[in-house]
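I have placed the structure first, in the form of structure tokens, so that the comments after it can refer back to it.
Predicted, not measured: the structure shown is a model, and the values here were computed from it. Positions are given from 1 along the sequence.
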Amino acid sequence: MTDQRAARAGAHGRRAVVIGGGLAGMLAAAALRGLVDDICVVERDELPGGPAPRRGLPQAGHVHLMWSGGVRAVETLLPGITARWLAAGARRIPVPTGMVGLSAQGWFRRWRHETHFLIACSRDLLDAVVRDQVLADRGVRVLQRTRVEGLVGTAAAVTGVRVRDGDGVERVLAADFVVDASGRGSRTPRFLQELGVGTVTGRTVDIGLVYASRLFRAPEGAGEFPVVNVQADPRSGRPGQGATILPIEHGRWLVTASGTRGGEPSGRAEEFEGFTRRLRHPLVGELISRLEPLGGVTVIRSTSNRRQYFERVADWPERFVVIGDAAGTFNPAYGHGMSVAAQSAAALREHVSADGVLAPRLARRVQRSVARRVSVAWDLAIGQDVFYPGVRGGAPSRKDRVLARYVDRLLKTSTGSFLVTKEFTEVTSLQMPLNTLVRPKVLLAAALGPHHPPLGGPPLTQGELAVLAAPAPRPQAQRPPAER
């Protein structure tokens, strides 16, 4: 977009308010930069000054993945962000080359050609790099330790927010545009009702997933070690259990184990390795068995799929949009939440750039664009999760069962077909819609099946096997990352 077009799209003296200073909120602020004069981010917590834990993000201690579909969206908002992540210690890991993964249908091959990629680092680091780049803009400011108590305006248009600061003082922040990026705990449905807007419908699908994570010192010589992932089988009739090893900054491995209702991991450190050894393959347990733990086990249980259908509200107000976890949350095992938030923020910028913040029905158009991004990740998650025993929120329909059989066929074919691997990861990395998987060439490939026989075990290289066989490293004094 040219500078002249940006000037036309914005308006002198215009103010935007973003509710929430997490990743989605910072990306929303980035999306509005240059299109309004003043952006105020309202955050109930105190934001850390670097890559450190944040009170309002209890899930930060678990594996987070930013898929290439999300990375490319962030790059449109914050050019150069990938280089900044890498300079801060993150890794760019090619897919499927840099992954050792066991799917429900067998081990994936590590084809020589990269189809997509992911950014591997701690959530604290990922957020901090984004936050630093956004807040370097003089047009963006943050009100910390401030809670939004309601929306201001009418059912026809939102004109600001009512806030309460840490001292209990209430005031109104007037705004020409408001974005709710406050996360899973968003109170927007209630706020809209208070304005007289119609009821927001939603759906929750809960498989009782529990996440348990622990940090380990990476073994000697493991600087380029792949992501390791042992997936659950949703249609086995048993609780789904899995685990992931994510190499992160400062020579550490973040290991997250997960289990659905009836097969949950515990928070006991002495049980962590044993749980990972009892998965469909013991690889994760074998890899961490001789490593030095860097702390205890962190557990989180707020992992249900939940969606709010804001796009279906007939009388949606002007100048108000909801993005991020406030619009939809997904089973974190699929790693799609951050990427969907990034794509939604990119959609926000695209619409505001074209029309300006005061354009009639702009908010409705943006909300429908957000819904399309949410729908892809939602359908991918629900299409698997409805099959777990004890699921709450909906049993699989006949359509679900037909689609599941096709997905199983695609997974089986992808273990021995580069073409299907490429097309499948186009979707799972959120770069293409689900209908990519019913293209004629994909249907034909699925019908023909894999070109290569199934792998008999994890596709580790000789160098990676040597890491497994190497002597356990000596424990070293470990300073917290914030002190480095």
Within a radius of less than 6.0 Å around CZ of R141, do more than 12 heavy atoms belonging to other residues, nucleotides or ligands occur?
yes
To the nearest 0.5 angstrom, please state how far the CZ atom of R401 sits from the CZ atom of R235.
10.0 Å
Check ion pair E318-R361 (N to O, under 4.0 angstrom)
no
Looking only at heavy atoms, what is the nearest atom pair of L448 and R409, with distance?
C-NH2, 3.9 Å
Tell me if the CZ atom of R44 is crowded by more than 12 foreign heavy atoms within 6.0 Å.
no
Do the side chains of R91 and E249 get close enough for a salt bridge, i.e. N-O under 4.0 angstrom?
no
Donor on one side chain, acceptor on other, D385 and N331, under 3.5 Å:
yes
So with a 6.0 Å cut-off around CZ of R184, is the heavy-atom count from everything else above 12?
yes
Indicate yes or no: at least one non-hydrogen side-chain atom of S68 is less than 4.5 angstrom from one of Q431.
yes
Counting neighbours of CZ on R171 that are heavy atoms of other residues, nucleotides or ligands and sit closer than 6.0 Å, is the number greater than 12?
no
Does a donor on one side chain and an acceptor on the other come within less than 3.5 Å for T298 and S213?
no
Spatial distance of atom CG (D233) from atom CZ (F387) [nearest 0.5 Å]
11.0 Å
If the plane angle is over 60° it's perpendicular, under 30° parallel, otherwise tilted; pick one for W67 and H336.
tilted
Can you tell me how far OG1 of T159 sits from CG of L173, rounded to the nearest 0.5 angstrom?
11.0 Å
Does the S375 side chain pair with the main chain of A371, one donor and one acceptor, at a distance under 3.5 Å?
yes
